[in-house]
Structure formats: structure tokens, C-alpha cells
Amino acid sequence: MRKEFSQLKITTILTLFILMSCNNPVPEMGPVCKLPDQSLENYKMAGGEVDPDNPDAEPEECNVPEREKEANLVVSAQLHDFNPEQEAKMLQALERLEIVINSQEFKKRVLEHQYQGEYTFVDNEGLSNEEIYNKIMEGAETFDPVVDEELDLDITLYYRNNSTVGYTYPNTHKIWVNNKFFAGFTLGKVAANAMHEWTHKIGFGHDFKKTARRSYSVPYAVGTIVKELVDGM
């Protein structure tokens with residue numbers, strides 16, 4: 001039986017390792033709102049800011065988008081090589097990812113996405129916007145094509161001083177996220193990167209080089225929608 005995100009089956013594998021401080025910066029959360037069902041203690045542990053003069057005061061709550069009635073996509077994740085602070089940041093981002101992809105606004109923006117005046121995505125595998133939305137909500141990865149309404153992630157944090165934000169392969173749940181960027185990303189950017197990499201697992205690609213059309217591909221465009229919705233909460 002699937003569970004709500006608050007009871008999400010998260011398996012966190014923390015590997016004991018020593019990194020130079022420049023390779024393991026303290027993760028920044030950016031502005032963090034409090035989710036409606038989130039306890040104040042959990043909010044603080046996740047890096048949420050509180051009024052130093054009144055630390056028990058309720059912080060500003062998130063502007064949670066209205067849920068799409070038929071949407072029921074669950075984010076299921078395993079995390080590897082995250083320290084407690086990094087883990088908290090990733091979980092905050094994934095919790096918000098699950099909220100926005102099940103929202104009416106996410107559906108609306110996917111269905112209304114345009115490229116050169118037409119309702120379409122670049123590199124859409126011959127699918128309409130509606131078919132792309134339905135494919136996302138089915139949660140069926142290409143290498144494990146079971147419609148289970150689960151967005152399955154297996155995320156490993158690493159550090160490389162290069163321009164790669166993250167990467168994956170089409171035949172695995174695994175995603176690798178570069179802490180060089182993760183540490184300074186907002187929650188929206190973290191969620192967008194996870195969503196971007198996952199769309200590769202359901203069959204969507206994009207130009208390797210930065211072309212004018214690449215931002216209209218499914219991974220980039222859907223990632224942008226997620227980023228804007230999460231950071232706009």
C-alpha cells in the first residue's frame with residue numbers, strides 16, 4: 001500500500017567519509033516557507049528561519065497550490081552520501097516536488113506549454129502535451145514500465161569541480177547530483193533537477209549542447225515549471 005509523502009518510504013544511506021570543506025559546503029536552503037502539516041520543530045530542523053526574538057512563533061506558511069483531483073503521483077526516494085543537513089534539504093525539495101506535480105497549476109502549465117506558437121514540447125517523442133502529462137503521472141519508467149503512479153528516485157550526492165549539475169542513465173533509477181551546485185540551489189532548483197533527470201527515465205531527451213530549442217524540451221521545460229511552482233510557494 002502506498003503512503004502519503006509524510007510517511008514516504010525513504011531509505012537514507014549515510015556513508016562515513018571525509019571531504020575537504022571546499023568540497024562539502026554547508027547547504028543553503030534559501031527562503032523556506034512552512035508547509036501546512038509541518039511541525040515547527042521539523043521546520044527548524046530543515047533550515048527554516050524563525051524570529052530570534054520569538055522562536056516559538058509560527059512562521060509564514062507556504063502558498064500551497066490547489067491539488068488536481070485525479071492526480072496521485074508519489075515521490076519515492078533513496079538517498080546516498082548525504083550528511084544530515086544535505087538530507088534535510090533534499091527531502092524538503094522532494095516533499096514540495098510531490099505537492100506541485102499533483103497540482104492543478106502543474107497540469108495547466110504542461111498542457112499549455114508552447115513552442116513557436118504551438119502547444120507542444122521539443123523532443124516530445126511524437127506525444128501531445130496531454131499525452132506527456134499523462135505519461136508523467138503514470139510514473140512508469142522505461143526500463144520498468146509498470147504504471148504505479150510513483151516517481152522512483154535513487155539519488156547519490158557527489159562533488160566534482162565541473163559544469164555538470166547532475167546526470168543519470170536511461171536504464172537505472174540512479175541519479176547523481178553534484179554538490180557543487182546542490183549546496184547553493186534553492187529548493188525549487190533542487191526539485192527541478194530531480195524532475196529533469198527523472199523525465200529522462202520515461203523516455204525524453206534534449207540537445208546535448210545549449211541550443212535555442214533545448215529549454216523547450218520536456219526535461220528542461222517541465223523542470224522549469226517545477227522550479228517556479230516550488231519557489232513560488
Q: Which pair of heavy atoms, one from Ala191 and one from Leu97, lies closest together, and at what distance?
A: CB-CB, 4.0 Å
Q: Just so I know, are the side chains of Val190 and Asn193 near enough to count as touching, which here means a heavy-atom distance under 4.5 Å?
A: no
Q: Once rounded to the nearest 0.5 Å, what's the spacing between atom CG of Leu94 and atom CD1 of Ile99?
A: 11.5 Å
Q: What pair of heavy atoms forms the shortest contact from Thr142 to Gly203, and how long is it?
A: OG1-N, 3.4 Å
Q: Report the distance from atom OG1 of Thr164 to atom NZ of Lys180, rounding to the nearest 0.5 Å.
A: 9.0 Å
Q: Does the Lys227 side chain pair with the main chain of Asp231, one donor and one acceptor, at a distance under 3.5 Å?
A: no
Q: Starting at NE2 of His206, measure out to CZ of Arg213 and round the result to the nearest 0.5 Å.
A: 11.5 Å
Q: For a quick test of reading the model, state the closest non-hydrogen atom pair linking Phe82 to Ile155 and the distance between them.
A: CE1-O, 3.5 Å
Q: So Gln92 and Glu95, do their side chains get closer than 4.5 Å, heavy atoms only?
A: yes
Q: I need the Leu79 CG to Leu157 CG distance, nearest 0.5 Å.
A: 9.5 Å
Q: Looking only at atom types and distance, does a side-chain atom of Lys201 sit under 3.5 Å from a main-chain N or O of Leu153, one as donor and one as acceptor?
A: no
Q: Would you give me the side-chain donor-acceptor pairs under 3.5 Å for residues 124-141, sequence neighbours excluded?
A:
| residue | atom | partner | partner atom | Å |
| --- | --- | --- | --- | --- |
| Asn124 | OD1 | Gly126 | N | 2.8 |
| Asn124 | ND2 | Thr120 | OG1 | 2.9 |
| Asn124 | ND2 | Phe121 | O | 3.0 |
| Ser128 | OG | Glu131 | N | 3.2 |
| Ser128 | OG | Glu131 | OE1 | 3.3 |
| Asn129 | ND2 | Val110 | O | 3.3 |
| Asn129 | ND2 | Leu111 | O | 3.1 |
| Asn129 | ND2 | His113 | O | 2.9 |
| Glu131 | OE1 | Ser128 | N | 2.8 |
| Asn134 | ND2 | Glu130 | O | 3.3 |
| Glu141 | OE2 | Asp152 | N | 3.3 |
| Glu141 | OE2 | Trp198 | NE1 | 2.9 |

Q: So, does Asp81 use its side chain to make a donor-acceptor pair with the main chain of Thr156 at under 3.5 Å?
A: no
Q: Compare every heavy atom of Ile225 with every heavy atom of Phe106, then report the nearest pair and how far apart it is.
A: CD1-CG2, 3.7 Å
Q: Do Val122 and Ile202 sit in one hydrophobic cluster, given that two such residues count as connected whenever their side-chain heavy atoms are within less than 4.5 Å of each other, even indirectly?
A: no
Q: If you define the side chain from C-beta out and look only at heavy atoms, does anything of Glu228 sit under 4.5 Å from Glu105?
A: no
Q: Considering residues at least two apart in sequence or located in another chain, which fulfil the side-chain contact (heavy atoms from CB on, under 4.5 Å) criterion with Ser39?
A: Glu41, Asn42
Q: For Ala192 versus Gly223, what's the shortest heavy-atom pair and its separation?
A: CB-O, 3.1 Å
Q: If you count heavy atoms of other groups shown closer than 6.0 angstrom to CG of Asp37, is the number above 12?
A: no
Q: Taking the side chain as C-beta and beyond, is there a heavy-atom pair between Arg214 and Lys210 under 4.5 Å?
A: yes
Q: Quick check against the 3.5 Å criterion: does Asn178 have a side-chain atom that pairs as donor or acceptor with the backbone of Phe181?
A: no
Q: Could you tell me whether the side chain of Met233 reaches within less than 4.5 Å of the side chain of Val64, counting heavy atoms only?
A: yes
Q: Measuring from Asn171:CG to Asp144:CG, what's the distance to the nearest 0.5 Å?
A: 12.0 Å
Q: State the CD1-CE distance between Ile175 and Met195, to the nearest 0.5 angstrom.
A: 10.5 Å
Q: Would Lys89 count as a cation-pi partner of Phe182, with NZ or CZ less than 6.0 Å from the six-membered ring centre and within 45° of the ring normal?
A: yes
Q: Assess whether atom CD of Glu61 is packed by more than 12 heavy atoms of other residues, nucleotides or ligands within 6.0 Å.
A: yes
Q: Mind checking what makes salt bridge (charged side-chain N to carboxylate O under 4.0 Å, His left out) contact with Glu197, not counting sequence neighbours?
A: none
Q: Would you check if Pro65 and Leu229 make a side-chain contact, meaning some heavy-atom pair closer than 4.5 Å?
A: no
Q: Would you say Tyr220 ends up clustered with Tyr115 if hydrophobic residues are merged whenever their side chains have heavy atoms under 4.5 Å apart, either directly or through other cluster members?
A: no
Q: Test your reading of the model: is there a side-chain donor-acceptor pair from Asn102 to the backbone of Leu73, 3.5 Å cut-off?
A: yes
Q: Treating Ile, Leu, Val, Met, Phe, Trp and Tyr as nodes and any side-chain heavy-atom pair under 4.5 angstrom as an edge, say whether Tyr216 and Phe204 lie in one connected cluster.
A: no
Q: Taking the side chain as everything from C-beta on, heavy atoms only, tell me whether Arg96 gets closer than 4.5 Å to Leu35.
A: yes
Q: Looking at every non-hydrogen atom in both residues, tell me the closest pair between Lys34 and Pro59 and how far apart they are.
A: CD-CG, 3.6 Å
Q: Is the shortest side-chain heavy-atom distance between Asp207 and Asp123 below 4.5 Å?
A: yes
Q: Is Tyr169 reachable from Tyr158 through a run of I, L, V, M, F, W or Y residues, each pair having side-chain heavy atoms under 4.5 Å apart?
A: yes
Q: Please confirm whether the backbone N or O of Val75 pairs with a side-chain atom of Glu98, one donor and one acceptor, at under 3.5 Å?
A: yes
